[in-house]
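Attaching a single structure in structure tokens format; questions to follow.
Atoms within each ligand, like the ligands themselves, are counted from 1 in listed order.
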Amino acid sequence: MVSETALPARIERLSELAHNMWWSWHHASRTVFRSLDYPLWSLTGHNPAKMLHQIDPIRLRLAARDPEFLEVYDKAIAELDKDLLGNSNWFQQSHPEHRRDVIAYFSAEFAIHNSLPIYAGGLGILAGDLLKEASDLGLPMVGVGLMYPQGYFQQHIGPDGWQQEVYRELDFRSAPISPVRMSPDATCAPLTSVRLGSRSVQLGAYLVRVGRVELYLVCTDVDGNSPEDRQLTSRLYTAEQSRRIQQEIVLGIGGTRILKAIGIEPTVWHANEGHTAFMMMERIRGERERGRSPEDALDAVRARTVFTTHTPVPAGHDVFSFDLMDEHFSGYWDLPGADRSRMLELGRTDGSAQFNMTTFALRTSARSNAVSKKHMQVTQRMWQGLWPDTPEDLVPISHVTNGVHPPTWLSAELAELYCSHLGHDWAERHDDIALWDGIDKISDDALWQARRKQKQRLITAMALRGQECWASGRCSPQQALAMGSLFEPTALTIGFVRRFTEYKRPTLLFRDIERLKRIVRDPWCPVQIVFAGKSHPADEASKQLLQQVYRMCLDREFRGRVAFVEDYDMHMSRLLTRGVDVWLNTPRRPREASGTSGMKACMNGVIHLSVPDGWWPEGYDGTNGWVIGDETLSASHEEEDSRDADALYSILENEVIPLFYDRDRNGIPHGWLKKVRSSIKSITPRFSSRRMVKDYVGTMYIPVLEQGYGPQAPR
Ligand SMILES: *Cc1c(COP(=O)(O)O)cnc(C)c1O
């Protein structure tokens with residue numbers, strides 16, 4: 001908000017609009033900035049805060065006198081006020097007695113919009129969608145996360161297919177955030193501190209407004225800290241254990257203290273994934289400091305805490321040796337109520353001298369959940385050891401299946417069709433399953449036109465990127481082609497778009513290259529495949545997989561029909577989940593906790609083709625997509641790959657391709673569109689963030705508020 005161009009009085013609330021990320025999912029607000037200065041809107045990557053920073057004052061003065069602009073502006077302001085100040089929302093209507101409660105949601109990443117790149121992937125997307133939905137439903141929620149000035153990296157692919165990582169420093173002045181307390185030089189001033197080893201580190205916080213919800217991002221880049229400590233949280237997910245534990249102390253312990261310093265007193269504390277669990281430790285210490293016995297302190301904290309676990313892969317859980325803990329907690333253990341041996345014991349899993357963040361979280365939460373039904377079963381098995389007397393299927397870990405936020409992910413073309421066929425209030429009722437029968441009222445012609453437009457947008461964006469890359473001299477013609485410059489809008493397009501990691505099997509499609517070439521090159525029924533996704537910078541094996549895929553993109557025999565799009569982020573994700581025809585998902589069983597990109601694709605009329613893992617066993621109903629193989633586990637990876645690749649090719653050859661190319665005289669594929677409808681209808685209401693947040697309220701937050709601690713948590 002610093003040195004923003006002065007705003008004429010008539011439109012002075014532009015600043016408020018720009019500094020509430022409400023604009024990221026409200027058309028009315030985006031229209032204001034788009035019509036204010038379209039070139040600048042594009043140039044700033046659709047970032048209103050940055051726009052106000054750079055805009056020509058003359059433009060603002062003209063806008064303040066332009067009746068057409070003022071109409072758009074007044075409409076957006078009225079909508080903002082209704083949404084932010086109104087009390088006719090779902091939560092206040094259904095739980096008026098809990099209006100004054102506060103739910104604190106801690107997460108290591110939040111994906112709200114590209115202009116705030118503090119997310120790496122699915123976990124952040126989930127947290128961002130959850131906050132937006134909490135705002136829409138009127139939940140009294142605050143978010144707590146970390147400010148990463150360099151965020152996650154930008155991805156470039158070299159000519160040899162090797163991933164290169166570029167880190168960019170965020171320009172704070174033009175991000176939609178503001179310091180909770182400002183220092184004299186207009187940066188973030190300290191509010192509290194934490195001990196790391198024997199030193200004290202000052203902490204400030206930035207406030208991000210996400211509709212009604214306030215999100216606080218803890219920051220160590222403040223006065224009084226050493227240069228190294230200022231850089232402590234500069235990047236997301238470093239592979240280095242000692243930096244990671246320090247970041248998690250800043251998030252969990254620091255985040256708890258920041259809330260206290262601001263004067264926020266949560267009544268429910270939600271730990272999203274194990275990274276955040278030091279939050280519980282600090283609260284237990286606080287209860288001890290206030291004079292409670294160790295048992296009572298633990299009970300009091302547990303009674304108010306819920307925990308969500310997100311990964312069935314053992315390496316995905318943070319485990320710190322007791323030695324490492326002692327190194328970084330030495331100062332903390334000296335604080336009143338810290339109880340070193342008790343705390344360490346709560347994180348110990350099987351007698352080893354290691355502190356497991358998930359174990360600690362499970363022991364200090366009243367309710368814990370996994371993120372799909374299937375993931376719940378895997379998680380119950382994984383953690384059964386903590387409840388030795390309980391049979392596996394009764395281990396008290398429930399599930400709240402993930403969902404995605406339609407206003408963020410749905411294309412304008414489809415939103416328009418839904419508006420005219422399901423009713424103008426469709427967005428408010430979108431989790432009503434019966435509403436979606438209205439999809440049958442949309443004509444095949446209109447649905448197909450909308451799908452074609454979505455696809456055209458993607459293919460144009462890919463071609464533009466190829467063009468820019470080539471023109472800037474940054475890449476060879478071959479590389480420009482590998483970015484999809486030869487893609488055709490009429491060919492069946494399959495997307496494999498996800499984090500590059502071994503268990504997701506990005507190269508499964510290439511298991512039988514000759515068979516795939518026959519499929520792709522068919523002159524009458526051509527197929528195109530677009531890949532996108534980042535490898536973790538420290539994961540060499542996954543970079544090699546990416547390189548293998550890239551080599552296929554360069555292979556002439558695929559005729560430019562296999563492409564890799566660089567730098568998968570929210571923007572690219574929106575284009576891809578709307579623009580392809582088929583969304584391909586091939587994780588090894590049972591490694592996918594849920595997955596959410598497939599849900600985004602389905603609500604945009606893309607058809608899901610997936611291994612029955614994560615959310616798909618709940619989503620698939622026999623008519624709304626395809627399943628690769630079944631749920632049985634194979635004896636070896638080799639066997640699983642061979643079976644799945646075979647099944648995948650057969651489904652493509654015998655079902656997907658024939659259905660897509662079966663056209664009437666006007667070129668419309670009626671059979672395909674039947675599946676598209678079935679996909680939209682069955683997935684949108686059940687896998688939206690609205691259903692998810694209502695589930696969290698009904699099965700986690702309200703029970704905790706009304707019953708406190710149940711008998712579920714392990715001792
Ligand atoms: C939706 C989304 C994800 C999550 O995708 P899954 O592979 O389904 O877990 C990751 N990254 C981005 C940018 C997304 O938009």
Taking the six-membered ring for Trp, are Y696 and H270 closer than 6.0 Å centroid to centroid?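 Yes; H270 has its ring centre under 6.0 Å from that of Y696.
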Residue-ligand contact K504/ligand 1, heavy atom below 4.0 Å: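 Heavy atoms of K504 do come under 4.0 Å of ligand 1.
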Within-cut-off N or O pair, Y119 and ligand 1, under 3.5 Å: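 Between Y119 and ligand 1 (N or O atoms, distance only) the closest approach is not under 3.5 Å.
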Can you sort out which atoms of ligand 1 are near G595, meaning under 4.0 Å from one of its heavy atoms?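 Answer, ordered by atom number: 8 (O), 9 (O).
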Do K534's NZ or CZ and the ring of F153 fall within the cation-pi criteria of under 6.0 Å and 45°?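 K534 over F153 ring: yes.
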Within reach of ligand 1, part of E592 (heavy-atom separation under 4.0 Å):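 The answer is neither.
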Could you go through R498 and N585, starting from their C-alpha distance and side-chain angles, then the distance that decides it, and tell me whether this counts as side-chain hydrogen bond (donor to acceptor under 3.5 Å, both in side chains)? CA-CA 9 Å; R498 39 203 8 113; N585 182 38; 3.3 Å; yes
Close-contact set for ligand 1 against G121 heavy atoms, below 4.0 Å: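 Answer for ligand 1: 10 (C), 11 (N).
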Enumerated ligand 1 atoms positioned under 4.0 Å from heavy atoms of T596: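 Those of ligand 1 that fall under 4.0 Å from T596 are 1 (C), 4 (C), 6 (P), 8 (O), 9 (O).
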What do you reckon, are the aromatic ring centroids of F510 and F531 less than 6.0 Å apart?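 Judged by ring-centre distance (under 6.0 Å), F510 and F531 do meet the cut-off.
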Output yes when the distance from some N or O of ligand 1 to some N or O of S597 is under 3.5 Å, and no in every other case.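 Such a contact does occur with ligand 1.
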Considering the heavy atoms of R498, write down every atom of ligand 1 situated less than 4.0 Å from one of them.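 Answer, ordered by atom number: 7 (O), 8 (O).
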Per-atom contacts, ligand 1 versus K600 - under 4.0 Å to a heavy atom: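 Checking each atom against K600, I get 1 (C), 2 (C), 3 (C), 14 (C), 15 (O).
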Ring centres of W615 and H399 under 6.0 Å apart?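 Distance test on ring centres: not under 6.0 Å, no.
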